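Take a look at the structure below.
First the proteins, then the strands, lettered A, B, ... as listed; each starts at 1. Only a predicted model underlies this, so the values are computations on that prediction, with no experimental measurement involved.
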Protein chains: 2
Amino acid sequence: MKRPGPHACDAWQMLVQISMSHRASLPPLASELALSPAQCHVLHVLEPGRAVPMGELAGALSCDASNVTGLVDRLETRGLIKRQPSAEDRRVKVLTLTPAGARVRAQLVARMTAPPMTLGRLSPEEQQLLVTLLRRVLE
Amino acid sequence: MKRPGPHACDAWQMLVQISMSHRASLPPLASELALSPAQCHVLHVLEPGRAVPMGELAGALSCDASNVTGLVDRLETRGLIKRQPSAEDRRVKVLTLTPAGARVRAQLVARMTAPPMTLGRLSPEEQQLLVTLLRRVLE
DNA sequence: TATTGTTATACTCTATAACTATA
DNA sequence: TATAGTTATAGAGTATAACAATA
């Protein structure tokens, strides 16, 4: 892979700016769904139909495994996710969304991805272009 | 202002994706500087040379004022920021970075905005274009 | 022996409610 | 009377270290 390139810093700096303001927008959004920001992050990682080992979740959240135990406890108590021992390796427990959890996650994603009005400053063609560029950055 | 537009959802969805993965990257980065993610957010808001009232910080973080008190307490104890009563309204306390705080913030911003290799997938011209588009979305 | 997840502990983050000082 | 910030309190988020079960 090539080096990031001359304008990569500028571009990334703005993406970081967006990320930080997105971080600030999460608490009120989470509050509407009676979730914490951390719980939102868990639900965002747990895509419907996917079974995620607890250790993998810890990796996705960049947090300690002991922390995941507590997060999962609370979400499981609320009936949004469930944990089951893995068939192959019985040390592992895999997480899946419950139907209720999938509904809450859908609401979460819908609100989280409601585009801000400022995107309207770009023409449809420019928006399409932005999508194309970001898609390549994300893979 | 116009409505967001047809491709705004796609674009914003990808920006959210970037934001969530950026959220996951913050804990290890913060840890290197012996900070918490919340403290990083405070330092990020406190640009060098700017005096920010505590209430304004609470707004920028979307959190309660009582929470800001604790965050500021700990950062002040570490000598990274200082709070002073405002001259105009003595109920208000304004926050500024100390020289040490400015240095830590500079390190933080430098590491936070180190562009990921994936930006190298775009040509310099495309990176420039991305910068232009994002700048207009950000204002 | 090494690894996955849990528990115990301690500290930080966070909101709510009551309070103080100022306007 | 209203507002900015603090304090007290309680619960959630988080890491470290010790532990249990499994590999």
Side-chain angles (χ1 to χ4, degrees), chain A residues 20 23-46 51-78 80-96, chain B residues 20 23-46 51-78 80-96:
Chain A
M20 292 308 272
R23 181 185 183 84
S25 76
L26 198 47
L29 194 160
S31 179
E32 285 178 35
L33 299 171
L35 297 169
S36 68
Q39 290 172 333
C40 288
H41 202 164
V42 171
L43 291 185
H44 188 250
V45 171
L46 260 51
V52 177
M54 294 191 62
E56 186 180 326
L57 180 58
L61 267 48
S62 291
C63 76
D64 192 81
S66 63
N67 188 25
V68 172
T69 298
L71 286 169
V72 167
D73 280 346
R74 288 180 284 273
L75 286 170
E76 195 176 31
T77 299
R78 278 193 46 187
L80 301 182
I81 66 179
K82 65 172 191 286
R83 70 182 125 192
Q84 292 171 307
S86 163
E88 301 97 41
D89 184 340
R90 276 180 355 206
R91 291 174 302 181
V92 173
K93 296 184 185 170
V94 294
L95 305 172
T96 49
Chain B
M20 292 308 273
R23 181 184 183 86
S25 75
L26 198 47
L29 194 161
S31 179
E32 285 177 34
L33 300 170
L35 296 168
S36 68
Q39 289 173 333
C40 289
H41 202 165
V42 172
L43 292 184
H44 187 252
V45 171
L46 260 52
V52 177
M54 296 191 62
E56 186 179 326
L57 180 58
L61 267 50
S62 291
C63 75
D64 192 82
S66 64
N67 188 26
V68 171
T69 297
L71 286 169
V72 167
D73 281 346
R74 287 180 285 272
L75 286 170
E76 195 175 32
T77 299
R78 278 192 49 186
L80 301 182
I81 67 178
K82 66 171 189 285
R83 72 181 122 191
Q84 292 172 308
S86 163
E88 302 99 39
D89 185 338
R90 278 179 355 208
R91 290 173 303 182
V92 173
K93 296 185 185 168
V94 294
L95 306 172
T96 50

Round to a whole Å and report the spacing from [atom1] of [X] to [atom2] of [N].
X: A:Leu95; N: C:dT6; atom1: CG; atom2: C1'; answer: 14 Å
X: A:Glu88; N: C:dT3; atom1: CD; atom2: P; answer: 19 Å
X: B:Leu26; N: C:dC13; atom1: CG; atom2: P; answer: 12 Å
X: B:Leu33; N: C:dT12; atom1: CG; atom2: P; answer: 17 Å

**N/O (side chain, A:Arg91) to phosphate O (OP1/OP2, C:dA2) under 4.0 Å** = no

**Item:** Residue whose nearest DNA chain C nucleotide is more 5′ - B:Asn67 or A:Gly70
**Value:**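 Closest to the 5' end, via its nearest nucleotide, is A:Gly70.
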
**Asked** Can you check whether A:Leu80 reaches A:Leu35 side chain to side chain, under 4.5 Å on heavy atoms?
**Response** yes

**Message:** Holding to salt bridge (Lys or Arg N to Asp or Glu O under 4.0 Å), I want the full list of residues that pass it with B:Arg74, two or more places apart in sequence or in another chain.
**Reply:** none

**Asked** When rounded to the nearest 0.5 angstrom, what distance separates CG in B:Leu95 from CD in B:Gln84?
**Response**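 Those atoms lie 9.5 Å apart.
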
Which pairs would a plain distance check flag for residues 37-45 of chain B, meaning a side-chain donor or acceptor within less than 3.5 Å of a matching protein atom at least two apart in sequence or in another chain?
unit_1  : atom_1 : unit_2  : atom_2 : d
B:Gln39 : OE1    : B:Ser36 : N      : 2.9

**Asked** Side-chain donor or acceptor of B:Arg90 under 3.5 Å from a matching atom on the base of C:dT22?
**Response** no

**Item:** Sub-4.0 Å heavy-atom contacts from residues 53-66 of chain B onto DNA chain C, ordered by number
**Value:**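 Here the set is B:Ser62, B:Cys63, B:Asp64, B:Ser66.
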
**Prompt:** Where each residue is assigned the nucleotide of DNA chain D containing its nearest heavy atom, which of A:Leu71 and A:Ala87 is assigned the position nearer the 5′ end?
**Reply:**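 Whichever sits nearer the 5' end wins; that is A:Leu71.
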
**Message:** Strictly distance-based, threshold 3.5 Å: is any side-chain N or O of B:Thr77 a donor or acceptor partner for the main-chain N or O of B:Asp73?
**Reply:**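 Side chain of B:Thr77 to backbone of B:Asp73, a donor-acceptor pair under 3.5 Å: yes, one is there.
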
**Message:** Please give me the minimum heavy-atom distance between B:Ser86 and B:Arg90, naming the atom from each residue.
**Reply:**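 Shortest heavy-atom contact: O-CG, 3.6 Å.
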
**Fill in**
Closest heavy-atom pair, A:Leu33 versus A:Arg78, reported as atoms and distance to 0.1 Å, is O-NH2, 3.7 Å

Using distance only, find each side-chain donor-acceptor pair of residues 54-67 of chain B under 3.5 Å and give its atom names and separation, not counting sequence neighbours.
unit_1  : atom_1 : unit_2  : atom_2 : d
B:Glu56 : OE2    : B:Arg50 : NH2    : 2.6
B:Ser62 : OG     : A:Ala24 : O      : 2.7
B:Asp64 : OD2    : B:Ser66 : N      : 2.9
B:Asp64 : OD2    : B:Ser66 : OG     : 2.7

**Request:** Would you grab the first and last nucleotide of DNA chain D (5' to 3') that comes under 4.0 Å of any non-hydrogen atom in chain B?
**Result:**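 For DNA chain D, the relevant span reads D:dA2 to D:dT7.
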
**Message:** Show every salt bridge (charged side-chain N to carboxylate O under 4.0 Å, His left out) that has at least one partner inside residues 23-43 of chain B, sequence neighbours left out.
**Reply:** B:Glu32-B:Arg111

